[in-house]
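Below, chain A is the first sequence line, B the second, and so on; all start at residue 1.
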Protein chains: 2
Amino acid sequence: MKNTRPAAKAAYHHGNLKAALIEAADTILRDHGIEGFSLREAARRAGVSIGAPAHHFGSATGLLTEVALLGYESLGQALSAVRPTDDPGADLQQLALAYVGFALAHPGRFRLMFRPDLVNRDDPRYGLASTAALTGFATAIGRRKGGMAEIFMVWSSVHGMANLVLDGKAKYLFDGALPEDFVAHILPDLLAEAWPFGARSGPQDRS
Amino acid sequence: MKNTRPAAKAAYHHGNLKAALIEAADTILRDHGIEGFSLREAARRAGVSIGAPAHHFGSATGLLTEVALLGYESLGQALSAVRPTDDPGADLQQLALAYVGFALAHPGRFRLMFRPDLVNRDDPRYGLASTAALTGFATAIGRRKGGMAEIFMVWSSVHGMANLVLDGKAKYLFDGALPEDFVAHILPDLLAEAWPFGARSGPQDRS
DNA sequence: TTTTCATCTATACAGTGCTCAGATAATCCA
DNA sequence: TGGATTATCTGAGCACTGTATAGATGAAAA
């Protein structure tokens with residue numbers, strides 16, 4: 001077995017520094033947001049010198065890219081937790097709720113995932129993770145061929161909702177509503193009443 | 001006339017430093033994006049010492065808040081340049097095009113406007129500017145009473161489109177489309193074909 | 001055991017936002 | 001007019017950041 005973890009005396013070689021730094025960064029994002037993150041603080045939390053992360057990630061962007069990839073993974077899980085029923089419109093509403101719910105539950109992760117200055121978009125895994133997370137939408141929208149326009153529209157809609165609520169814009173429209181209320185009560189009503197993508201008819205067939 | 005501009009010999013008192021710094025910051029945003037901005041660089045461009053901006057704006061956030069307010073103003077102008085016709089659905093499509101077009105034409109401004117860590121959301125002018133810019137949407141949606149749900153949905157949709165295109169996500173869906181092509185050709189087609197808010201029927205009346 | 005290699009430390013550099021004492025110029029006031 | 005007040009800006013300094021580099025340390029390979 002490869003489990004040569006020292007764990008007793010602090011080894012010179014950390015042994016699992018890469019994973020420890022990723023987790024430290026993710027924790028910082030959770031507790032203090034993106035602006036609370038610094039490469040040095042992550043190194044501090046991992047109990048390692050300030051130059052150590054460079055060996056594993058090259059730069060701060062390298063580390064944050066890994067965190068963003070994990071973020072897309074967890075978003076994908078949140079979306080695929082919505083099990084499809086025989087009502088595709090209701091499924092889409094649930095997916096929308098899951099998307100916004102994820103953004104509000106993990107604002108640091110979510111914001112990082114869409115910060116092109118902090119993640120390395122040239123990393124081939126980034127595009128893959130990004131599209132993989134949206135598989136839930138694609139299948140719920142149903143049509144396997146074509147359908148890109150609809151996917152874009154639905155994604156735009158839920159992404160816009162998530163960003164606006166996260167940025168506190170919703171409170172200008174729905175006076176003083178707290179984010180917790182929003183995902184628990186306001187948003188479900190909004191989706192049921194005024195969200196065209198979740199309507200009973202489904203995507204209209206333009207033949 | 002108050003135009004006591006020295007302009008010849010560099011005065012100790014700049015005379016118009018506040019406006020000069022705002023313009024310098026806006027220029028940096030235009031040329032090098034948000035990550036290219038620094039308070040010191042703005043001071044440098046205004047030909048003034050690094051501590052000077054503090055007197056007028058207090059902090060970097062203070063300066064960027066002014067730039068963001070200008071951004072909302074220019075967004076409002078871009079939206080109100082869309083003159084209403086007798087087809088409210090077509091008007092909404094034009095507004096959507098104007099919104100996304102603004103984001104792509106002024107990415108630095110647009111991104112700043114929605115960066116809560118860089119602008120002072122407690123500034124009372126911020127909420128005013130934010131809602132004022134959306135007057136175009138509100139009137140186009142028509143119903144003066146109620147309607148907040150529809151405004152939120154439309155805003156979310158266009159805001160999501162703007163962000164996704166700006167972040168290069170659209171190219172994963174529409175393979176390799178350039179941003180210029182997007183607002184010129186792809187988006188109008190998308191809006192006409194797959195955007196439910198711009199449909200002929202208008203907001204359905206749920207009585 | 002000896003060599004090689006990956007890993008991590010220590011230090012240094014350039015850049016940042018912010019603070020504060022003091023210099024400078026414009027303005028107000030008698 | 002002349003003196004005092006006020007707004008404006010400078011210059012230096014502090015704490016912090018990301019990154020680069022030389023060297024120390026331990027593990028693994030030969």
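- For H55(B) and dT8(D), the shortest distance from a side-chain N or O to OP1 or OP2 is below 4.0 Å.
- Distances shorter than 4.0 Å separate some side-chain N or O of H56(B) from OP1 or OP2 on dC9(D).
- In the interface, the side chain of R40(B) is not paired with the base of dG15(C) through any donor and acceptor atom under 3.5 Å apart.
- Rounding to whole angstrom units, CD1 of residue I28(B) and P of dT16(C) are separated by 10 Å.
- The distance between atom CG of L64(B) and atom C1' of dG17(C), rounded to the nearest whole Å, is 12 Å.
- dT19(C) atom P lies 11 Å from atom CG of L39(B), rounded to whole Å.
- For S38(A), whose side chain is taken as the heavy atoms from C-beta onward, the closest listed nucleotide among dT17(D), dA7(D), dT19(D) is dT17(D).
- Between R125(B) and E66(B), at least one side-chain nitrogen of the basic residue sits less than 4.0 Å from a carboxylate oxygen of the acidic one, meeting the salt-bridge criterion.
- In this structure, A54(A) reaches neither bases nor backbone, as no heavy-atom distance under 4.0 Å exists between it and the strands shown.
- In terms of phosphate contacts, R44(B) brings a side-chain nitrogen or oxygen within less than 4.0 Å of OP1 or OP2 of dT16(C).
- Rounded to a whole Å, the CG atom of L17(A) is 12 Å from the C1' atom of dT9(C).
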Q. F114(A) and F114(B): ring-ring contact (aromatic ring centres under 6.0 Å, His included), yes or no, with the steps?
A. CA-CA 13 Å; F114(A) 296 93; F114(B) 296 93; over 10 Å; no

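- Along DNA chain D, the nucleotide nearest to G47(B) and the one nearest to I50(B) differ in position, and the one closer to the 5' end is contacted by G47(B).
- At a threshold of 4.0 angstrom between heavy atoms, the contacts of A60(B) are confined to the sugar-phosphate backbone, with no base atom among them.
- When rounded to the nearest whole Å, the span between CG of L21(B) and P of dT8(D) equals 12 Å.
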Q: Please lay out, stage by stage, how N120(B) and T61(B) fare under the test side chain to side chain donor-acceptor pair (under 3.5 Å).
A: CA-CA 6 Å; N120(B) 179 18; T61(B) 299; over 6 Å; no

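- In this entry the distance linking CG of L118(B) with P of dG17(C) reads 11 Å, nearest Å.
- Spacing between atom CG of L63(A) and atom C1' of dT17(D) amounts to 15 Å, rounded to whole angstrom units.
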Q: Evaluate the side chain to side chain donor-acceptor pair (under 3.5 Å) criterion for residues R45(B) and T27(B): first the C-alpha distance (whole Å), next the side-chain angles of each, then the deciding distance (0.1 Å), finally the verdict.
A: CA-CA 10 Å; R45(B) 295 196 178 208; T27(B) 303; 5.5 Å; no

**Q.** side chain to side chain contact (heavy atoms under 4.5 Å, CB included) assessment of Y99(B) paired with F110(B)
**A.** CA-CA 10 Å; Y99(B) 193 97; F110(B) 184 80; 3.8 Å; yes

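- Residue F57(A) contributes atom CZ, which lies 11 Å from atom P of dT7(C) at whole-angstrom precision.
- The side chain of A52(A) lies closest to dC8(C) when the candidates are dG17(C), dC8(C), dG13(D).
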